[in-house]
Amino acid sequence: MSAKELLAQAESLLSSGERQKALEQFSDIIEKLSSDPSTDDTRHVLSLAYNDRGQIKYLRVDFNEAIDDYTCAVAADENFAVAYYNRGQVHYRLGRYRQGADDFRKALSLKPDFEDAKLNLEQAESDLKLQQEGKNSSSWSK
């Protein structure tokens, strides 16, 4: 089975709610492809696998591990706007508004019509300003 087929299978498991099986499959893909990510196609599949595994970790509230996976996703494919966005979401949720805003900006630089990134950048910048003023309006930190 090709890496793309394995990725599709893992994404199907994730969609059907079988997170643990999907996590294991994404991990297998990552292990298999990490040894030689020499082609653009391999790096793209690798970045998708890291991103999707990061999403599972995010849903498990394993935020630092999710950040690690999103970071690996953008290392494999530096043009992957969704991985920057996802990492920004986790930073934002942890109250790291500056890092979140930086990731949202990067996502927008790669995909200017990314509406969720625009909205989240505005919120992160607003919360960062409040944080710097010693206030906090974010519902995540309440």
- How many angstroms lie between atom NZ of K106 and atom CG of D103, to the nearest 0.5 angstrom? 10.0 Å
- With sequence neighbours excluded, what pairs up with E11 under the salt bridge (Lys or Arg N to Asp or Glu O under 4.0 Å) test? none
- Item | Residue pairs, two or more places apart or on separate chains, that pass ring-ring contact (aromatic ring centres under 6.0 Å, His included) and touch residues 103-130 | Y85-F104, Y85-F114
- Query: Restricting to pairs with a member in residues 28-37, which pass side-chain hydrogen bond (donor to acceptor under 3.5 Å, both in side chains), not counting sequence neighbours?
  - Reply: D36-S38
- Task: Using the side chain to side chain contact (heavy atoms under 4.5 Å, CB included) rule, pick out the option among L6, L48, D52 that qualifies with I29.
- Result: L6
- Distance only, no hydrogens: is a donor on one side chain within 3.5 Å (strictly under) of an acceptor on the other, for Q25 and R53? no
- Query: What residue among D69, T71, D102 forms side-chain hydrogen bond (donor to acceptor under 3.5 Å, both in side chains) with R87?
  - Reply: T71
- Got a sec, which residues hit side chain to side chain contact (heavy atoms under 4.5 Å, CB included) with N79, two or more places apart in sequence or on another chain? D77, L110
- When rounded to the nearest 0.5 angstrom, what distance separates CG in L13 from CD1 in I56? 9.0 Å
- Query: Hey, what do you get for OH (Y92) to CG (L128), rounding to the nearest 0.5 Å?
  - Reply: 10.5 Å
- Determine yes or no for a side-chain-to-main-chain donor-acceptor pair under 3.5 angstrom, with D62 supplying the side chain and Y58 the backbone. no
- From OH (Y50) to NZ (K57), nearest 0.5 Å: 9.0 Å
- What pair of heavy atoms forms the shortest contact from A81 to K111, and how long is it? CB-CB, 4.0 Å
- Side chains of Q9 and E5: is there a donor and an acceptor less than 3.5 Å apart? no
- Considering all heavy atoms of both residues, which atom of V90 and which atom of A66 are nearest to each other, and what is their separation? CG2-CB, 4.4 Å
- Item | Residues K118, E115; criterion salt bridge (Lys or Arg N to Asp or Glu O under 4.0 Å); working and verdict | CA-CA 5 Å; K118 285 180 190 176; E115 286 300 317; 3.2 Å; yes
- Item | Distance, nearest 0.5 Å, that separates CG of L59 from CZ of R19 | 4.5 Å
- Message: I'd like to know whether CZ of R98 has more than 12 heavy-atom contacts from other residues, nucleotides or ligands below 6.0 angstrom.
- Response: no
- Check side chain to side chain contact (heavy atoms under 4.5 Å, CB included) between S12 and all other residues, then give those that pass, not counting sequence neighbours. none
- Task: Please step through side chain to side chain donor-acceptor pair (under 3.5 Å) for the pair R60 and Q55, ending with a clear verdict.
- Result: CA-CA 9 Å; R60 290 177 149 182; Q55 190 65 23; over 6 Å; no
- Item | Name of the residue among F26, F80, Y84 meeting side chain to side chain contact (heavy atoms under 4.5 Å, CB included) with N51 | F80
- Sub-4.5 Å side-chain heavy-atom contact between K4 and L7: no
- Query: Between E18 (side chain) and A10 (backbone), is there a donor-acceptor pair under 3.5 Å?
  - Reply: no
- Note on the structure: d(Y70 OH, Q89 CD) to nearest 0.5 Å is 9.0 Å
- Query: Q99: what forms a side chain to side chain contact (heavy atoms under 4.5 Å, CB included) with it, not counting sequence neighbours?
  - Reply: H91, R96
- Message: If we count only N and O atoms by modelled type, under 3.5 Å, do the side chains of D127 and Q131 hold a donor and an acceptor together?
- Response: no
